[in-house]
Amino acid sequence: MITFLSKGRSPVYPMSSIENVFNPISLLYLQAHCPTYDNIGCQYEEGRPPTKAPQQGIYPSLPQGTPSYVAVAPKTINTHHTVTPGTLHCTGQKKGTKTYRWKYILCASLCVLLILAVAGLLLWYFLYSQCLLGKSCTSGGRCLQPSQWCDGVRDCSHGEDESQCFRLHGTNFMLESYSSDRQAWMPVCADNWDNNYGRAVCEQMGHRRQDYLSFTQISAGSLASRGYMKLNPGSDHGSHIQSQLAYNQSCSGRAVQLRCIECGVSSAASSVRIVGGTEAVNGAWPWQVTLQIHGQHICGGSIISSYWILSAAHCFQTYSSPGLWVVRSGDVSLFQMSFGTGQTVNKIISHRKFDSQTNDNDIALLKLDAPLTFTRTVRPVCLPNIGVDLLAGHQAWITGWGALHSSGPSPDRLNQAQVTIYRRETCNRPQVLNGEVTETMICAGELQGGVDSCQGDSGGPLVVKEGDVWWLAGDTSWGIGCAWRNKPGVYGNVTYFINWVYEQMQNE
């Protein structure tokens, strides 16, 4: 994962000009022809950085070169000339005045029509095609009004307008529903709520009914001032949940706390984790998996549900066929796991905007052919809820079977290390990563060096503990060297991608 590749740009700026020379031949020729004028244009092309290798890691350097061009002044043509009295010269005659006037009127009219057409096209593009006043369906591009989103009526052909209408908030997993009337997220009132509603909502969010954990009542706190989404009288479990909820200012004062899956629980004591990079024990990081081809460890990944593994998109650029991959879990030793059969992969979903040159949007999901059986050493990590702060200043943990130092050997046992998550502004300083960290990434490590992920750790988890559970903050993406000074590792920002993750889980 940690291999340095330089990237550069080689702009090309072709310049061309056309010269027309005025050469009068005779008075008759002069009457029939008028001078023409030259146009000079310049353009350039900007080269793209080279592609980066997935498995070895991708560590971009600074762009090279700045574009420039040379403008050439157009050649002027003298249109003034002297004629002797009585000879013909190129001037308008009274006879053609009306003809020329109609030509000017026609030309002006065409210009006005062209301007109106362009204005109409721009109006259509921004208001309808780009759906600035609403939200468009991902399939078919139909533009919906904000009030049509999450109103209980399926308007998009694939139903995406009704698919992401619930979310969990904060470390206490409070359920929120989107109000189409208020166009805002509201806590769900616990009045008349039960586990059957809870299972239905979790399934709609992308979880399996079999993984459902529990529903309880909690205080909505300051969010209660917004009001609630409350079940209508006479609601039943057989109907679409969203159509049975309506905005209501009054409630019993309690909101729904929903646990769709038991996640983020480690069965090993925290005292076994030592800062600086050491071997882990079984059960400490039960969501960590190894992604293998022909029995060889290639990348890491994190269990997020019984069917789904989250990893990095760059791991699958060369080997994208699901049939090649096997997922193994449940032990810290690669050797011990080799005796098991592992889990075969049904589908690999890499983010469609993944950029192999910059590693932007470096995230992927693997769907398994069969569900995992959860045990003390096989458990999911929690996906970040809205309102859970996992970024700058937090202490986090990284794990993996990657090299112990740059270009060094890979261990048999899972290693662990504690790192600091830095602000993006810190990461993008010229002496650190020089602007390479985008909003789809976070950087973590130690600026003084000594602790980092390395080759073979790609796709593995970066986790933060908040509210007694472990949250998946990032997936190992790229870096410059391993544990170098002022070169922290870079990870996919899972919080940024959370809607994308749930959307894939719902569609599959």
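The basis for the numbers below is simple: all heavy atoms, side chains too, and nothing from hydrogens, waters or symmetry mates. Keep in mind that what you see is a predicted model, and the values were worked out from it rather than measured.
Within the model, atoms CG of D452 and CD of E446 stand 10.0 Å from one another, a figure rounded to the nearest 0.5 Å. Distance check, rounded to the nearest 0.5 Å: CG of L245 to CE of M229 gives 5.0 Å. Interatomic distance, L168 CG to L383 CG, rounded to the nearest 0.5 Å: 10.0 Å. Atoms CE and CH2, on M337 and W401 in that order, are 4.0 Å from each other to the nearest 0.5 Å. The CD atom of Q506 sits 4.5 Å away from the OG atom of S163 when rounded to the nearest 0.5 Å. With values rounded to the nearest 0.5 angstrom, L404 atom CG is found 8.5 Å from C454 atom SG.
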- Message: The test is side chain to side chain contact (heavy atoms under 4.5 Å, CB included); show your working for D355 and T358 and say whether it passes.
- Response: CA-CA 6 Å; D355 188 336; T358 63; 3.3 Å; yes
- Can you check side chain to side chain donor-acceptor pair (under 3.5 Å) on Q343 and R328, steps first, answer last? CA-CA 6 Å; Q343 299 286 326; R328 300 184 189 276; over 6 Å; no
- Task: I would like to know whether D362 and F354 meet side chain to side chain contact (heavy atoms under 4.5 Å, CB included); could you show each step before the answer?
- Result: CA-CA 6 Å; D362 193 8; F354 169 64; 3.6 Å; yes
- Message: Run D360 and K353 through salt bridge (charged side-chain N to carboxylate O under 4.0 Å, His left out) and show every step you take.
- Response: CA-CA 8 Å; D360 214 16; K353 291 186 178 180; over 6 Å; no
- Does the pair F173 and W471 meet the rule for a ring pair (Phe, Tyr, Trp, His ring centres under 6.0 Å), with working shown? CA-CA 12 Å; F173 294 85; W471 305 88; 5.3 Å; yes
- Message: Set out, in order, the CA-CA distance, both residues' side-chain angles and the distance that settles side chain to side chain donor-acceptor pair (under 3.5 Å) for Q288 and T399, then state yes or no.
- Response: CA-CA 8 Å; Q288 173 82 57; T399 51; 2.6 Å; yes
- Task: Go through the steps for H314 and S477 under the test side chain to side chain donor-acceptor pair (under 3.5 Å), then give the verdict.
- Result: CA-CA 8 Å; H314 77 259; S477 180; 4.6 Å; no
- Item | Trace of the disulfide bond (SG atoms under 2.5 Å apart) decision for C137 with C143 | CA-CA 6 Å; C137 301; C143 184; over 6 Å; no
- Trace of the side chain to side chain donor-acceptor pair (under 3.5 Å) decision for R208 with S306: CA-CA 8 Å; R208 289 201 318 158; S306 55; 3.1 Å; yes
- Could you walk me through whether V381 and V463 pass side chain to side chain contact (heavy atoms under 4.5 Å, CB included), step by step? CA-CA 8 Å; V381 65; V463 295; 4.0 Å; yes
- Item | Stepwise side chain to side chain contact (heavy atoms under 4.5 Å, CB included) test for V201 and W193 | CA-CA 11 Å; V201 167; W193 195 270; 3.8 Å; yes
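Under the 3.5 Å distance criterion, with hydrogens and angles disregarded, a donor-acceptor pair is assigned to the side chains of T344 and D369. No side-chain N or O of Y319 forms a donor-acceptor pair with one of Q317 less than 3.5 Å apart. Side-chain contact check for W397 and Q416: no donor-acceptor pair (N or O, by modelled atom type) lies under 3.5 Å.
In terms of modelled atom types and a separation under 3.5 Å, the side chain of Q455 and the main chain of S407 share a donor-acceptor contact. Of the possible polar contacts, one joining the R226 side chain to the W185 backbone as a donor-acceptor pair under 3.5 Å is found. Under the 3.5 Å distance criterion, the side-chain polar atoms of K487 are matched with a main-chain donor or acceptor of V432. In this structure, T476 contributes its side chain and S458 its backbone to no donor-acceptor pair below 3.5 Å. Judged by distance alone, with hydrogens and angles left aside, the side-chain atoms of D194 form a donor-acceptor pair with the main-chain N or O of Y197 at under 3.5 Å. Counting only distance, with no hydrogens or angles, the side chain of R376 and the backbone of G283 share no donor-acceptor pair below 3.5 Å. A donor-acceptor contact shorter than 3.5 Å links the side chain of S266 to the backbone of A284. Between the side chain of D457 and the main chain of S453, no donor-acceptor pair closer than 3.5 Å is present. Side-chain atoms of H394 come within 3.5 Å of backbone atoms of D389 as a donor-acceptor pair (strictly under, hydrogens ignored). Looking only at distances, no side-chain donor or acceptor of R379 sits under 3.5 Å from a matching main-chain atom of F374.
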Name the atoms and distances for all side-chain donor-acceptor pairs under 3.5 Å in residues 215-225, with sequence neighbours left out.
unit_1	atom_1	unit_2	atom_2	d
T216	OG1	Q257	OE1	2.3
S219	OG	G221	N	3.1
S225	OG	S222	O	2.8

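F316 has its ring centre less than 6.0 Å from the ring centre of W325. Ring to ring, Y212 and H207 are not that close: their centroids are 6.0 angstrom or more apart.
Partners of R413 under the side-chain hydrogen bond (donor to acceptor under 3.5 Å, both in side chains) rule, at least two apart in sequence or in another chain, are E279. Every residue was checked against the side-chain hydrogen bond (donor to acceptor under 3.5 Å, both in side chains) condition with Q431, not counting sequence neighbours, and none meets it.
Relative ring orientation between W500 and F497 is described as perpendicular, the plane-to-plane angle rising above 60° on a 0-90° scale split at 30° and 60°. Ring planes of W287 and W470: tilted class, angle from 30 to 60°.
Between E162 and R154 no salt bridge is recorded (no basic side-chain N to carboxylate O distance below 4.0 Å).
In this structure, the side chains of Q292 and L334 come closer than 4.5 Å at one or more pairs of heavy atoms. No side-chain heavy atom of P380 sits under 4.5 Å from any side-chain heavy atom of S305. Two residues are said to be in side-chain contact when any heavy atoms from C-beta on lie closer than 4.5 Å; V345 and V327 meet this criterion. Using a 4.5 Å heavy-atom cutoff, the side chains of V289 and V378 are not in contact. In this structure, N385 and T171 have side chains that are not in contact, with every pair of non-hydrogen atoms separated by 4.5 Å or more. For the pair I303/L372, a side-chain contact is recorded, criterion being any heavy-atom separation below 4.5 Å from C-beta on. Looking at heavy atoms from C-beta onward, V494 lies in side-chain contact with D475 at the 4.5 angstrom threshold. Contact of the Y491 side chain with the I421 side chain is not registered, since no non-hydrogen atoms from C-beta on lie closer than 4.5 Å.
The SG atoms of C202 and C260 sit under 2.5 Å apart.
The shortest heavy-atom contact between M186 and S179 is CG-CB, 4.2 Å. The two residues G342 and V326 have their closest heavy-atom pair at CA-CG1, 3.9 Å.
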